[in-house]
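Everything on this sheet refers to the single structure shown next.
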Number of protein chains: 2
Amino acid sequence: MTIQQVAAAAGVSPSTVSNLLNGRTNRMVPATKERIERAIAELGYRPNRAARQLRTGRTQTVGLIVPSVGNPFWGAFARELEVAALAVGCNVLLCNSERDPDRERRYVEELWEDGVRGIVLCSSLPTLDHLADIVRRGLRLVTFDRPAQAGDPEEVVSVSINNHVGGFLATSHLTELGHERLTFVSGSLAAVNRTGRFRGFCTALEGADLDPAAMPTWTAGGGAPFGDVEAAQVGRQAAHDLFSGTVEPPTGIVAINDMTALGFCRGLRDQGLHVGKDVSVVGFDDIILAELYDPPLTSVRQPISRMASLSLEEALKEDDREPGRSVLLRPELVVRDSTASPTGATAPVVADEDGVLQ
Amino acid sequence: MTIQQVAAAAGVSPSTVSNLLNGRTNRMVPATKERIERAIAELGYRPNRAARQLRTGRTQTVGLIVPSVGNPFWGAFARELEVAALAVGCNVLLCNSERDPDRERRYVEELWEDGVRGIVLCSSLPTLDHLADIVRRGLRLVTFDRPAQAGDPEEVVSVSINNHVGGFLATSHLTELGHERLTFVSGSLAAVNRTGRFRGFCTALEGADLDPAAMPTWTAGGGAPFGDVEAAQVGRQAAHDLFSGTVEPPTGIVAINDMTALGFCRGLRDQGLHVGKDVSVVGFDDIILAELYDPPLTSVRQPISRMASLSLEEALKEDDREPGRSVLLRPELVVRDSTASPTGATAPVVADEDGVLQ
DNA sequence: GTGAAAGCGCTAACAT
DNA sequence: ATGTTAGCGCTTTCAC
């Protein structure tokens with residue numbers, strides 16, 4: 001089934017069919033349009049993408065590179081992006097980078113050669129140096145959860161939440177409950193979003209007249225930089241380390257994400273401690289399992305649906321770029337049962353029935 | 001960067017370069033080979049896919065259609081499939097069907113037009129009628145978790161666990177613990193894998209001299225057929241219904257998957273009941289969160305890594321098809337703390353440290 | 001062992 | 001308002 005056959009069937013030339021296919025219907029008389037449309041329908045014709053792409057150099061595909069779809073947060077985000085893409089007739093090519101710059105580079109090259117319209121990149125690595133040349137060659141790159149950094153190619157746009165605010169919300173929730181010994185638990189901090197959250201943690205502590213430097217700290221064991229799937233393992237390890245050492249352990253935890261938070265809760269349980277009673281835990285992302293967990297996890301929610309459509313929109317934009325544009329959305333704290341005041345009494349919190357803090 | 005320029009730089013014709021690119025190195029003298037390879041390296045040449053595909057009609061892409069990557073099980077599977085694909089230089093195009101036949105059909109058509117080598121389909125719908133014509137036109141279709149059914153196009157191959165065995169393992173674990181009132185909790189049973197699990201449930205009951213028909217039943221509320229993301233909601237609703245009615249509730253639950261099981265646990269908690277004490281719950285899939293949950297969830301594990309590589313392999317096979325081939329792998333029961341004997345005493349179970357039943 | 005040439009299906013100047 | 005035409009970059013007979 002080619003455009004030629006359709007043209008023959010409709011008694012017109014291929015270019016007229018092509019014009020119809022590309023929305024230039026103003027260049028033909030309605031009767032012609034109708035004839036072609038009938039021919040297309042009858043023959044069940046669908047244009048060949050490879051030919052189209054070879055000719056125009058463009059595709060209807062965007063690439064999505066996430067650290068790991070094994071992490072439900074990225075799964076959920078991928079799904080939202082796909083919904084947005086579907087609505088505008090676009091495909092999504094999904095890749096897992098495991099936050100490995102080499103692998104990321106390889107995927108980006110691959111996607112670029114595939115002719116993707118743009119790439120939504122979710123790994124938040126400290127620099128984009130490994131991708132700079134491709135961006136300079138014209139790749140439209142959108143970084144998700146990684147605001148533009150000094151040194152980034154200026155063409156890159158970004159969509160993320162304000163991680164500083166997120167870290168701040170999580171932490172001040174704990175200080176307001178009366179916690180004075182807090183620990184920020186994360187795997188490697190070598191990701192832009194992570195340092196943002198950590199800065200928010202420090203800011204909130206200072207706002208509560210607490211000294212960040214005086215807090216019990218935990219650092220992911222050397223060697224293997226944990227991937228996203230191992231996030232839970234990180235949390236579990238942290239709980240073991242923090243509660244079995246000689247240092248007085250914290251009463252509240254801010255975790256880098258929900259998987260880590262849930263792993264931490266698991267680690268607490270390993271030691272017979274109770275989340276929400278002995279220790280308060282705040283997660284980040286508000287994945288679906290936060291609500292399901294026992295106890296339901298207090299978490300900082302990211303508006304992923306909105307973020308997905310914004311990311312897609314940016315990834316598809318043609319040339320009217322606004323270089324270096326960063327969109328920062330506001331996260332919201334969802335208070336559930338994993339946090340309470342350190343004495344055990346729950347502090348009064350005003351929240352709607354979905355748990356969103358007012 | 002085109003093949004012409006490489007040819008010019010190496011002082012040969014495009015066809016010789018093409019021969020090299022396609023592994024036909026036996027057709028040229030080693031010196032030529034080397035010269036071309038140097039030219040390719042120096043110019044940083046990479047073949048244009050669109051042109052290649054237009055010419056050959058083939059791609060290096062496989063399609064993957066899952067019910068929803070929002071469900072961590074599918075996220076994990078997608079990741080495994082990608083790993084397998086990466087190893088053989090293949091791309092994966094990921095789609096969420098939400099188990100909607102129309103959407104599925106649309107995606108399959110889309111992928112087919114995109115020239116994918118094959119499609120791995122994970123939705124387990126009762127029939128493949130909506131895809132029969134495309135399969136007949138040559139689409140290489142692999143159904144995951146959906147053994148071939150009577151009426152399927154014979155070209156379709158399948159990879160799945162033996163769901164009957166899985167349902168049996170889950171259920172007999174409970175009967176061996178002494179449970180006599182069991183309920184199978186699932187959303188719509190209109191999926192092949194689901195009926196298999198349910199049959200295993202019945203078989204195990206009969207093996208324990210219990211009458212399936214005498215068990216308390218629960219059926220997903222009418223109207224909206226729950227999608228995969230709503231699986232947790234299904235479980236929660238089931239817990240509410242089963243434990244607030246006039247019928248004597250079950251002491252053990254076999255859930256269709258872990259998300260539903262976790263939702264069920266949440267629902268039990270809503271009513272002040274304790275999983276593993278008041279009620280035993282077995283899930284299915286062994287997603288990463290099963291292990292993290294409180295209490296850790298007993299679940300039927302699917303060997304997804306193995307299943308992913310098998311699926312990919314089948315999807316990529318050229319013409320040497322073995323029509324109707326079904327690969328059935330054996331699931332294994334992972335016993336954790338969400339199951340115990342109805343009296344509250346834990347029955348002795350022999351398991352290795354990872355919880356795998358011996 | 002290597003090259004010339006045709007053409008995959010489509011689009012977009014450029015005619016008319 | 002519609003048609004003619006020249007490729008996009010590659011593969012693959014078929015010559016030599």
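All figures in this text were calculated on a predicted structure; none of them were measured in a lab. Convention: sequence-line order gives letters A, B, ...; per-chain numbering from 1. Quick note: numbers below take in every heavy atom, side chains included, and nothing from hydrogens, waters or symmetry partners.
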Item to check | Check: A/Asp145 main-chain N/O paired with A/Ser124 side-chain donor or acceptor under 3.5 Å | outcome: yes
Checklist entry - Just to confirm, is there a sub-4.0 Å distance from OP1 or OP2 of D/dG3 to any side-chain nitrogen or oxygen of A/Ser13? => result yes
Item to check | N-O pairing of A/Arg49 and B/Glu110 below 4.0 Å | outcome: yes
Checklist entry - Which residue, A/Leu54 or B/Val29, contacts DNA chain C at a nucleotide closer to its 5' end, judged by nearest heavy atom? => result B/Val29
Next on the checklist: So, OP1 or OP2 of D/dT2: does either fall under 4.0 Å of a side-chain N or O from A/Thr32?
Outcome noted: yes
Checklist entry - Can A/Arg106 and A/Asp100 be said to form a salt bridge (charged side-chain N to carboxylate O under 4.0 Å, His left out), step by step? => result CA-CA 10 Å; A/Arg106 180 173 160 188; A/Asp100 172 352; over 6 Å; no
Item to check | Separation of C/dA12 C1' from A/Asn26 CG (nearest whole Å) | outcome: 15 Å
Next on the checklist: Using the rule given for side-chain contact (heavy atoms from CB on, under 4.5 Å), can you reason through B/Ser68 versus B/Glu98, listing the C-alpha separation, both sets of side-chain angles and the distance that settles it, and then say yes or no?
Outcome noted: CA-CA 6 Å; B/Ser68 161; B/Glu98 309 292 338; 4.2 Å; yes
Next on the checklist: I'd like to know if A/Thr56 reaches the base of C/dA12 with its side chain, counting only an N/O donor and acceptor under 3.5 Å.
Outcome noted: no
Checklist entry - Between B/Asn19 (CG) and C/dT2 (C1'), how many Å, whole number? => result 9 Å
Item to check | B/Arg52 CZ to C/dC10 C1', straight-line distance once rounded to whole Å | outcome: 21 Å
Item to check | Between C1' of C/dC10 and CG of A/Asn48, the distance in whole Å | outcome: 8 Å
Item to check | Given DNA chain C, 5'-ward residue of the pair B/Thr16 and B/Arg55, judged by closest heavy atom | outcome: B/Thr16
Checklist entry - When all nucleic acid strands are considered with a 4.0 Å heavy-atom cut-off, which category describes A/Thr2: base, sugar-phosphate, or nothing? => result sugar-phosphate
Item to check | Residue closer to the 5' end of DNA chain D, B/Arg24 versus B/Ala50 (nearest nucleotide) | outcome: B/Ala50
Checklist entry - C/dT11 P sits how many Å from A/Arg49 CZ, rounded? => result 12 Å
Checklist entry - Any N or O donor-acceptor pair linking the side chain of A/Ser15 to the base of D/dT4 at under 3.5 Å? => result yes
Checklist entry - To the nearest Å, how far apart are A/Ile3 CD1 and D/dT2 P? => result 15 Å
Checklist entry - Rounded to whole angstroms, how far apart are CZ on A/Arg27 and P on C/dC14? => result 12 Å
Checklist outcome for this item: Considering only heavy side-chain atoms of B/Asn22, the closest of C/dT11, D/dT11, C/dT2 is D/dT11
Checklist entry - Between atom CD in A/Gln53 and atom P in C/dC8, what is the gap in whole Å? => result 19 Å
Next on the checklist: What I want to find out is whether B/Arg140 reaches B/Glu314 closely enough, with some N-O distance under 4.0 Å, to be called a salt bridge.
Outcome noted: yes
